[in-house]
Peer 1: 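Okay, handing you the structure first.
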Amino acid sequence: KHEIDCMIVHKRTQIALEVKSSRTPNNNFFVGLAYWNEQKQSVQPEKKDGYVVYAGDKEHVSGYNNLISWQALDAILNFLKYFRENKILL
């Protein structure tokens, strides 16, 4: 019933990604991430990691945190590549 579409794991950091095909964000996008963060609370209560990647083109949509346009994925992957190549812990 609950699933995450993609998990980026680096050392001890886990970043959950939900991928949505809709161009219009809505609260249902975040159900999987909310569940993931609830499960993770016992291990890392201070961290709430996770992002929704959606088909829209807006980076900052009022009322939605952690919402990323699919067009920004390249920047995210380059960011992670930089950390990996420079052996920086996330």
Side-chain angles (χ1 to χ4, degrees):
K1 212 171 199 189
H2 297 284
E3 47 83 22
I4 295 295
D5 293 322
C6 179
M7 184 69 63
I8 298 172
V9 179
H10 178 72
K11 308 254 182 211
R12 295 181 356 202
T13 300
Q14 298 174 336
I15 301 170
L17 295 179
E18 278 289 310
V19 180
K20 304 297 180 186
S21 62
S22 175
R23 293 181 54 84
T24 306
N26 69 65
N27 290 332
N28 292 331
F29 282 7
F30 298 89
V31 171
L33 290 180
Y35 181 78
W36 163 253
N37 283 315
E38 286 173 18
Q39 301 307 306
K40 203 169 138 184
Q41 285 294 355
S42 62
V43 180
Q44 293 179 309
E46 73 287 353
K47 290 217 172 203
K48 291 197 183 225
D49 297 321
Y51 298 91
V52 171
V53 178
Y54 81 120
D57 56 4
K58 294 183 180 167
E59 289 300 313
H60 303 284
V61 179
S62 179
Y64 295 100
N65 295 327
N66 297 353
L67 184 68
I68 300 171
S69 169
W70 68 272
Q71 297 168 351
L73 276 179
D74 190 43
I76 295 166
L77 295 174
N78 285 335
F79 171 78
L80 293 171
K81 181 180 175 185
Y82 171 82
F83 273 80
R84 185 184 75 232
E85 289 174 349
N86 292 285
K87 296 182 171 66
I88 299 170
L89 292 176
L90 291 177

Peer 1: Which heavy atom in N66 sits nearest to a heavy atom in G50, and how many Å separate them?
Peer 2: ND2-O, 3.0 Å
Peer 1: Sequence neighbours left out, what passes side-chain contact (heavy atoms from CB on, under 4.5 Å) with S22? Give chain and number order.
Peer 2: T24, F29
Peer 1: Less than 3.5 Å apart, which donor and acceptor atoms pair up between the side chains of residues 2-9 and the rest of the protein, not counting sequence neighbours?
Peer 2:
residue: D5; atom: OD2; partner: V19; partner atom: N; Å: 2.8

Peer 1: Out of curiosity, R23 CZ to Y54 OH, how far, rounded to the nearest 0.5 Å?
Peer 2: 8.0 Å
Peer 1: Please list every donor-acceptor pair under 3.5 Å in which a side-chain atom of residues 67-74 meets a protein atom from a residue at least two apart or in another chain.
Peer 2:
residue: S69; atom: OG; partner: G56; partner atom: O; Å: 2.7
residue: S69; atom: OG; partner: Q71; partner atom: N; Å: 3.2
residue: W70; atom: NE1; partner: A55; partner atom: O; Å: 3.4

